Amino acid sequence: MNNIKAKKKYGQNFLKDDNILLKIIEAMPNNNNHIVEIGPGLGDLTQKMLKYKDMTAYEIDSDLLTILKSKFASEIQSKKLELIHTDVLDIWKQNNTLYDGKYDLIANLPYYIATNIILRAIEDPNCDNIIVMIQKEVAVKFAASEGEKEFSSLGVIVKLTSKEARILFDVPPTSFEPAPKVMSSILYIKKDSTQVLENQFKSFLKAAFTQPRKKLSKNLSTNIDKESLSEIYKELNIDENIRPHELSPSLYRQMYNKVILNDKRTEQPE
Ligand code: SAM
């Protein structure tokens with residue numbers, strides 16, 4: 001492995017299974033979008049994707065960068081590949097996008113920041129499709145539907161901002177070097193770019209799922225007074241015993257709109 005020792009702090013588990021690499025390539029959307037990869041690592045997936053598309057890749061580890069620069073010298077020179085040495089989250093802090101044009105994010109993500117990366121990609125207006133390898137348990141949460149016990153604020157966000165979200169396939173630890181302790185999955189999200197969620201709505205969702213097994217009304221009662229809450233429940237015909245994972249994304253939306261309206265009424269009485 002180029003005598004490179006995988007660095008735990010960067011979540012380095014290199015994908016070494018040709019069948020899985022091929023399955024990811026087969027899952028690439030058939031469109032003219034650019035490709036962005038986060039964490040090209042030793043470049044195995046990068047090399048395969050470069051056969052089909054131009055790419056931008058963000059890598060934090062300078063040791064890997066040296067290897068990648070020599071491996072892809074001609075692609076970098078011909079501008080097929082733009083290789084950027086940085087913490088990808090810093091780019092999103094400075095800009096609202098990872099690429100100036102429509103792109104698909106295809107990557108074997110560093111698991112320690114995978115949730116954060118996916119949430120940022122959902123907000124990135126230029127990102128069309130997300131195809132990422134992450135810990136299976138997290139992928140299940142992103143792809144979950146109402147009623148399923150794994151349904152959380154992540155599931156609500158995905159349902160409201162995507163046309164489709166599902167797990168494409170699972171990947172066992174033995175496909176990586178070094179092998180991670182957990183099972184992995186490839187998550188696919190086809191975004192609906194017309195839908196943008198306000199930060200305040202996301203905070204509302206966070207509050208709704210603070211204690212996922214308790215009643216939703218209990219979680220919300222810390223921020224909303226009892227009377228307003230019970231009025232909203234009545235207006236929306238919601239069962240008072242409902243648990244957070246049982247309410248539909250659209251009802252979360254409607255509930256939030258009513259909470260905001262109530263707040264405005266209290267702020268400026270007529
Ligand atoms: N793509 C390679 C593969 O499939 O074998 C490597 C995947 S490995 C799970 C995650 C990669 O993300 C590593 O190369 C790691 O150095 C890189 N990485 C970790 N944190 C990062 C960050 N904040 N920004 C950019 N790259 C990061």
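Whatever order the structure lists them in is the order used to number ligands and atoms, beginning at 1. Treat the numbers as computed from the prediction; the structure is a model and nothing was measured.
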ask   = Do Thr46 and Glu37 have side-chain atoms, one donor and one acceptor, less than 3.5 Å apart?
value = yes
ask   = Would you say the side chains of His85 and Ser62 form a donor-acceptor pair under 3.5 Å?
value = no
inquiry  = Under a 3.5 Å distance rule, please check whether Thr86 uses its side chain to pair with a backbone N or O of Val88 as donor and acceptor.
reply    = no
request  = Would you check ligand 1 and list the protein residues that come within less than 4.0 Å of it by any heavy atom, ordered by chain and number?
outcome  = Tyr10, Gly11, Gln12, Asn13, Phe14, Leu15, Glu37, Gly39, Pro40, Gly41, Tyr58, Glu59, Ile60, Asp61, Leu64, Thr86, Asp87, Val88, Asn108, Leu109, Pro110, Tyr112, Ile113
ask   = Is it true that Glu246 and Lys149 make a salt bridge, defined as a side-chain N closer than 4.0 Å to a carboxylate O?
value = no
query = Hey, mind stepping through Gln12 and Asp61 against side-chain hydrogen bond (donor to acceptor under 3.5 Å, both in side chains) and telling me if it holds?
reply = CA-CA 10 Å; Gln12 290 174 357; Asp61 184 349; 2.8 Å; yes
query = Do Phe209 and Phe204 make the cut of ring centroids closer than 6.0 angstrom?
reply = no
